[in-house]
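What follows is a short report on a single structure.
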Amino acid sequence: MAIHLAVVPVAGRGTRLLPVAKSQPKEMLPVGRKPAVQYVVEELARCGLGRLLFVTGPGKTAIENHFDIDGELIAHLRETGKEELLAELAFEREDLEYFYTRQRRQLGLGHAVLCAKAVVGHQPFVVALGDSIIGLHAQSRIVRVMIDQFEESDVDAVVALEEVLPEDVVRYGIAVPRNSAAEVFELADLIEKPAVGQVPSTLAVAARYVLSPRIFDCLENTPPDARGEIQLTDAIRMLIQQGRRVLGVRLPPGQTRFDVGNFESYFQAFVDFALADPQYGEALREHVRERLHSGDFTPREDRPCG
Ligand code: UTP
């Protein structure tokens, strides 16, 4: 069954990004010249997904506005002789259908996916986290590879995986391979935020999933974790425990997941995208070289006067 629908959860509060995400969606934070979620949409469009269902929540209307066609702005650019800027709005005309539903209480990623159940129905579907970009400039084809794997194999889930540092496994859902961890491999288990040394792997779930609708039964039966959140990885683990097959696909070498949901990786994402910008990257690289050379990173307000 061909897969056309991607669910994009964007309802999370983003508390790790306070105060910046207090009244604006973290998924709209700029990464280089575009908001993070625009790269996610462009990546999904490139991978052949034509229907996008955003699971939104309080304070997230900026995302809906961003993907609307803004006729007034287009007319204004034409009238004021700024036609060259129309290219910046080309994403509005992607051949995509947008749907929106609400997660009325922020009970975790698994719960956000469950909110999509009525719209998804009995079809397999993709889940792409709205706060995570894969690879530079939406070039990643990982979701296409995952869909092909799903369609060729008798499986109920395919998850994208990235290698993380051993001490960082505590922050992610970690895959346990059934046999060897090749480029594509079957999972024996999936453990949410394991202790260091608890799992024989450092392969973390990387923000992209292909799921069969069986996941909804698992989500409905997944108990909330210690923070009261329903985790998607726990529901996928339940699929494995029921004897269903789940595959992992590693991100290709050189492709990283840029998570804008915490300041450490948000800063890195912004810097990487800005440094690689075709128009402004070179000047920025020069600026950064100078700054690194000067070695003075004291915040301006802390510097002695005079
Ligand atoms: P996170 O795991 O970063 O959670 O979300 P969060 O609640 O947004 O952030 P913190 O922990 O408060 O800082 C990963 C993705 O899942 C969505 C988010 O919008 C983000 O795109 N999400 C998360 C939901 O849609 N609903 C939720 O209840 C939680």
Side-chain angles (χ1 to χ4, degrees), residues 1 3-17 21 24-28 35-38 40-41 43-44 49-68 96-132 143 146-147 150 156-160 173 190 192 205-239 242 244 246 259-261:
M1 194 180 289
I3 299 177
H4 299 293
L5 176 75
V7 173
V8 185
V10 291
R13 290 183 203 280
T15 49
R16 282 168 296 161
L17 288 173
Q24 60 184 331
K26 62 173 170 174
E27 295 82 4
M28 287 297 290
V37 69
Q38 188 179 325
V40 178
V41 167
E43 173 203 327
L44 294 172
L49 291 147
R51 296 179 158 197
L52 305 183
L53 169 63
F54 287 90
V55 181
T56 76
K60 301 283 181 163
T61 44
I63 298 173
E64 294 169 50
N65 295 340
H66 187 70
F67 293 104
D68 277 351
L96 294 171
E97 287 180 276
Y98 294 92
F99 303 86
Y100 299 92
T101 190
R102 299 272 290 199
Q103 183 187 24
R104 294 168 66 212
R105 287 194 301 159
Q106 278 52 64
L107 296 178
L109 173 61
H111 180 259
V113 173
L114 191 52
C115 293
K117 180 181 173 183
V119 183
V120 171
H122 301 290
Q123 315 279 331
F125 62 106
V126 166
V127 171
L129 304 196
D131 67 352
S132 288
V143 169
M146 293 166 67
I147 291 174
F150 186 95
D156 276 282
V158 182
V159 297
L190 189 57
E192 183 65 23
V205 177
R208 301 291 183 268
Y209 311 77
V210 184
L211 299 167
S212 88
R214 281 208 177 92
I215 196 69
F216 293 122
D217 285 341
C218 294
L219 285 167
E220 277 163 346
N221 290 301
T222 298
D225 66 8
R227 294 193 307 168
E229 295 193 345
I230 295 172
Q231 297 294 346
L232 182 55
T233 45
D234 288 343
I236 297 173
R237 180 179 212 202
M238 194 182 287
L239 279 176
Q242 289 173 352
R244 308 283 173 193
V246 174
D259 175 2
V260 304

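These numbers come from the heavy atoms of this one structure, side chains and all, not from hydrogens, waters or symmetry mates. Keep in mind that what you see is a predicted model, and the values were worked out from it rather than measured.
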Show the nearest heavy-atom pair for residues [X] and [Y], with the distance to one decimal.
X: G57; Y: A11; value: N-CB, 3.8 Å
X: P9; Y: A112; value: CB-CB, 4.1 Å
X: V40; Y: S132; value: CG2-O, 3.4 Å
X: E43; Y: V143; value: OE2-CG2, 3.4 Å
X: V10; Y: G130; value: CG1-CA, 3.9 Å
X: G261; Y: L17; value: O-CG, 3.7 Å

Atom pair [atom1] ([X]) and [atom2] ([Y]), whose distance is rounded to the nearest 0.5 Å:
X: K117; Y: T101; atom1: NZ; atom2: OG1; value: 13.5 Å
X: Y98; Y: D68; atom1: OH; atom2: CG; value: 9.5 Å
X: L5; Y: F125; atom1: CG; atom2: CZ; value: 8.0 Å
X: I215; Y: D156; atom1: CD1; atom2: CG; value: 8.5 Å
X: L49; Y: H4; atom1: CG; atom2: NE2; value: 9.0 Å
X: L114; Y: Q103; atom1: CG; atom2: CD; value: 9.5 Å

Indicate yes or no: at least one non-hydrogen side-chain atom of [X] is less than 4.5 angstrom from one of [Y].
X: L190; Y: V205; value: yes
X: D225; Y: E192; value: no
X: L232; Y: L211; value: yes
X: F67; Y: L96; value: no
X: I63; Y: M28; value: yes
X: R214; Y: Q242; value: no
X: R104; Y: C115; value: no
X: Q106; Y: P58; value: yes

Return the set of residues passing ring pair (Phe, Tyr, Trp, His ring centres under 6.0 Å) with F99 (not counting sequence neighbours), or none when no residue passes.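 F99 satisfies ring pair (Phe, Tyr, Trp, His ring centres under 6.0 Å) with no residue once adjacent residues are dropped.
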Only counting residues at least two apart or in another chain, list the ones meeting ring pair (Phe, Tyr, Trp, His ring centres under 6.0 Å) with F150. none
Identify, with sequence neighbours excluded, every residue that meets side chain to side chain donor-acceptor pair (under 3.5 Å) alongside D131. K26
R244: salt bridge (charged side-chain N to carboxylate O under 4.0 Å, His left out) partners, not counting sequence neighbours: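 Partners of R244 by the salt bridge (charged side-chain N to carboxylate O under 4.0 Å, His left out) criterion come out as none, since no residue qualifies.
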Return each pair, listed once, that meets side-chain hydrogen bond (donor to acceptor under 3.5 Å, both in side chains) where at least one residue sits in residues 5-15; pairs must be two or more places apart or across chains.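 Sorted pair list comes back empty.
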Whether D234 side chain and I230 backbone form a donor-acceptor pair below 3.5 Å: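 Answer holds: no.
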Checking L107 against E229 for the side-chain contact (heavy atoms from CB on, under 4.5 Å) test, could you report, in this order, the C-alpha distance in whole Å, the side-chain angles of both residues, the deciding distance, and whether it holds? CA-CA 5 Å; L107 296 178; E229 295 193 345; over 6 Å; no
Carboxylate-amine/guanidinium proximity below 4.0 Å for K60 and E27: yes
Among V120, L219, V55, the one residue meeting side-chain contact (heavy atoms from CB on, under 4.5 Å) with V113: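 In the set V120, L219, V55, the residue that makes a side-chain contact (heavy atoms from CB on, under 4.5 Å) with V113 is L219.
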With sequence neighbours excluded, what pairs up with A206 under the side chain to side chain contact (heavy atoms under 4.5 Å, CB included) test?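 Listed in chain order: A160, E162, L251, R257.
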